Amino acid sequence: MITDRTLLFHRLAHAWVLLAMALQLPDADVLWTQAAGHSVLAGTWAAGLLDPYHFLPAGSVYLGNGLLAMLAVGGLFARPIWWRSAILWWLFVAWMNAAWPTSTGGHQLMANLLFWNIGLALPDRSRFLLARTTAFHIVRFQLLLAYLATTLHKLQGHAWLDGSALSQVASDPAWSLGWLAGLPVLARVFTWATLAFQALFPLAVWWPFTRSLFLAGGVVFHVSTGMLLGIPEMGAAFLVAYALWLPEGTARTILEAPRAAVRRLSPTS
Amino acid sequence: MDRRHRLALALALGHTLLLAAYVLPTGMVPERAHVIGQAYARPLFHQWWGLFAPDPPACSCDWSVPGRIPPGLVRARALNGLCRHAQAMPGCGPGADTCMVPVELAAWVEQLTGHSTGGLGLREACLPDRAPQERPVQADRP
């Protein structure tokens, strides 16, 4: 039987795809008409398979993304089915590779999560148990690896250790953090808090109390950075991955929240 | 924990270790492991976790065009990403008089800005004083 947190993960992943598509829609006339420049997979075995729009006629991205949107909407309501998840993953990766200059780490994270979502959507039979369990653990470890990798990359430099990193980011007009440039002490506190959160997350999730604390902190962190830095897909992708770290009861509450809200608003109740 | 669960955990750990060999800083991973990780992860499981790391970029990066660039969150992000890509190229680094970029990159900037590359420039402001500098962009025709 599919667990509540797996179902929540599946639905959030589909909602994420719709969010990413909605954000690109205003620029679809450029981004979806023609694949960007050269193929990012050129020279690998996967070029034709995972980057088909570089070989298909101009405008085919519209067709593929229409199907992708339909599958994403369907996934919000239907039970997970592995072949539908596989088509959704393939269409998403094809789109991401066609519009690669717009991609963020969040898109890459989702490409990985959607691949393993195929395993999670396998039928509820004992012969698929190994694949389903492996996919479950891979998604969980993927989240921890992302935090570990970003921490280790940051520890290679100086700005995150001496606390000046976010002041530097704030002084770059490309990011909407100008307000922080005039508050060096706050910028230093945010820099170290970010580093501490990312460094400790892979350890904190193994104990129930610290897990709840870090998941709640992570929601605040990813929502605020997603909005303030103009990369909402990045923050939202991490929140999708959080679903498999939630207790079953919390996942069930979140799944039932929309229905409960409708019931509360209904005049007959 | 039964045998099947232990095997699933071992497979997941193996996959994660191969990804780690690909995404962790190269100096921390033996070269041979990095090559194996790259062969495994690059086509299907590519990911990059170096945003603002090891340090945030010392220079801002922006395109300058004769007119106005159409607004849009994703468009602005794409233009910034392409600008960073150009900035990292040997023919466009700090100190160069002009910025030479591949034709494909110039064509995409042209589409996203809605202007021809004729009047295109790369504008940057570097630490410590963030004094603005601009140099013309030229498409590198093969």
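The structure displayed is predicted, hence computed values, not measured ones. By convention in this document, chain letters (A, B, ...) are assigned in the order of the sequence lines, proteins followed by strands, and residues within each chain are numbered from 1.
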Could you tell me which portion of B:Ala20 (side chain, backbone, both or neither) has an atom closer than 4.5 angstrom to a non-hydrogen atom of chain A? both

In the structure I gave you, are the side-chain heavy atoms of A:Leu130 and B:Leu7 within less than 4.5 Å of one another anywhere? yes

Determine the interplanar angle of the A:Trp116 and B:Phe45 rings, folded into 0 to 90°, and report it as parallel if under 30°, tilted if 30 to 60°, perpendicular if over 60°. parallel

Chain A contact via B:Leu127 - side chain, backbone, both or neither, heavy atoms under 4.5 Å: side chain

Below 4.5 Å, heavy-atom pairs only: which of B:Leu79, B:Asp62, B:Leu105, B:Leu19 has the largest tally toward chain A? B:Leu19

Value for CG (B:Leu13) from CZ (A:Phe141), rounded to nearest 0.5 Å, stands at 4.5 Å

Heavy atoms of B:Pro54 and A:Gly157 approach each other most closely as CB-N, 3.4 Å

A:Ser171 and B:Arg130: which non-hydrogen atoms are nearest, and at how many Å? OG-NH2, 2.7 Å

Heavy atoms only: give me the nearest B:Leu24-A:His153 pair and the separation to one decimal. C-NE2, 4.0 Å

Distance-minimising heavy-atom pair for A:Ala165 and B:Pro56: O-CG, 3.4 Å

Do the two ring centres, one from A:His107 and one from B:His46, sit under 6.0 Å apart? no

Structural part of B:Cys83 lying under 4.5 Å from a heavy atom of chain A: neither

Could you tell me the separation between the CG atom of B:Leu9 and the CZ atom of A:Arg140, rounded to the nearest 0.5 Å? 10.0 Å

At a 4.5 Å cut-off on heavy atoms, which part of B:Asn80 comes close to chain A: side chain, backbone, both, or neither? side chain

What residue in A:Ala99, A:Ser103, A:Gly230 has the most heavy-atom pairs under 4.5 Å with chain B? A:Gly230

Residues A:Thr133, B:Arg4; criterion side-chain hydrogen bond (donor to acceptor under 3.5 Å, both in side chains); working and verdict: CA-CA 9 Å; A:Thr133 313; B:Arg4 201 155 30 182; over 6 Å; no

Contact part of B:Pro71 toward chain A, heavy-atom cut-off under 4.5 Å: side chain, backbone, both or neither? backbone

As an exercise: rank A:Phe136, A:Trp160, A:Trp100 by heavy-atom pairs under 4.5 Å with chain B and give me the winner. A:Trp160

Using side-chain heavy atoms (C-beta onward) and a distance below 4.5 Å, is A:His137 in contact with B:His5? yes

Which heavy atom in A:Trp175 sits nearest to a heavy atom in B:Leu51, and how many Å separate them? CH2-CD1, 4.4 Å

Non-hydrogen atoms of chain A under 4.5 Å away: do they reach the side chain of B:Arg6, the backbone, both or neither? neither

d(B:Thr26 OG1, A:Gln156 CD) to nearest 0.5 Å is 7.5 Å

Is the shortest heavy-atom distance from the side chain of A:Leu229 to the side chain of B:Phe52 under 4.5 Å? yes

Taking A:Leu145, A:Leu155, A:Leu166, A:Leu23 one by one, which has the highest count of heavy-atom pairs under 4.5 Å against chain B? A:Leu145

Could you check if a side-chain atom of A:Leu49 sits within less than 4.5 angstrom of a side-chain atom of B:Pro43, using non-hydrogen atoms only? no

Derivation and outcome, side chain to side chain contact (heavy atoms under 4.5 Å, CB included), residues B:Thr16 and A:Gln142: CA-CA 7 Å; B:Thr16 308; A:Gln142 171 64 71; over 6 Å; no

So, do A:Leu109 and B:Trp49 sit near enough that their side-chain heavy atoms are less than 4.5 Å apart? yes

So which atom in A:Ala149 and which in B:Val23 form the shortest heavy-atom distance, rounded to 0.1 Å? CB-CG2, 4.0 Å

Are any non-hydrogen side-chain atoms of A:Leu31 and B:Trp108 less than 4.5 angstrom apart? yes

Got a second to check how far B:His15's NE2 is from A:Ile138's CD1, nearest 0.5 Å? 4.5 Å

Got a second to check how far B:Gln38's CD is from A:Thr44's OG1, nearest 0.5 Å? 11.5 Å

Value for CG (B:Leu73) from CD1 (A:Ile231), rounded to nearest 0.5 Å, stands at 9.5 Å

Check A:Asp27 with B:Arg77, please: is the shortest side-chain N to carboxylate O separation under 4.0 Å? no

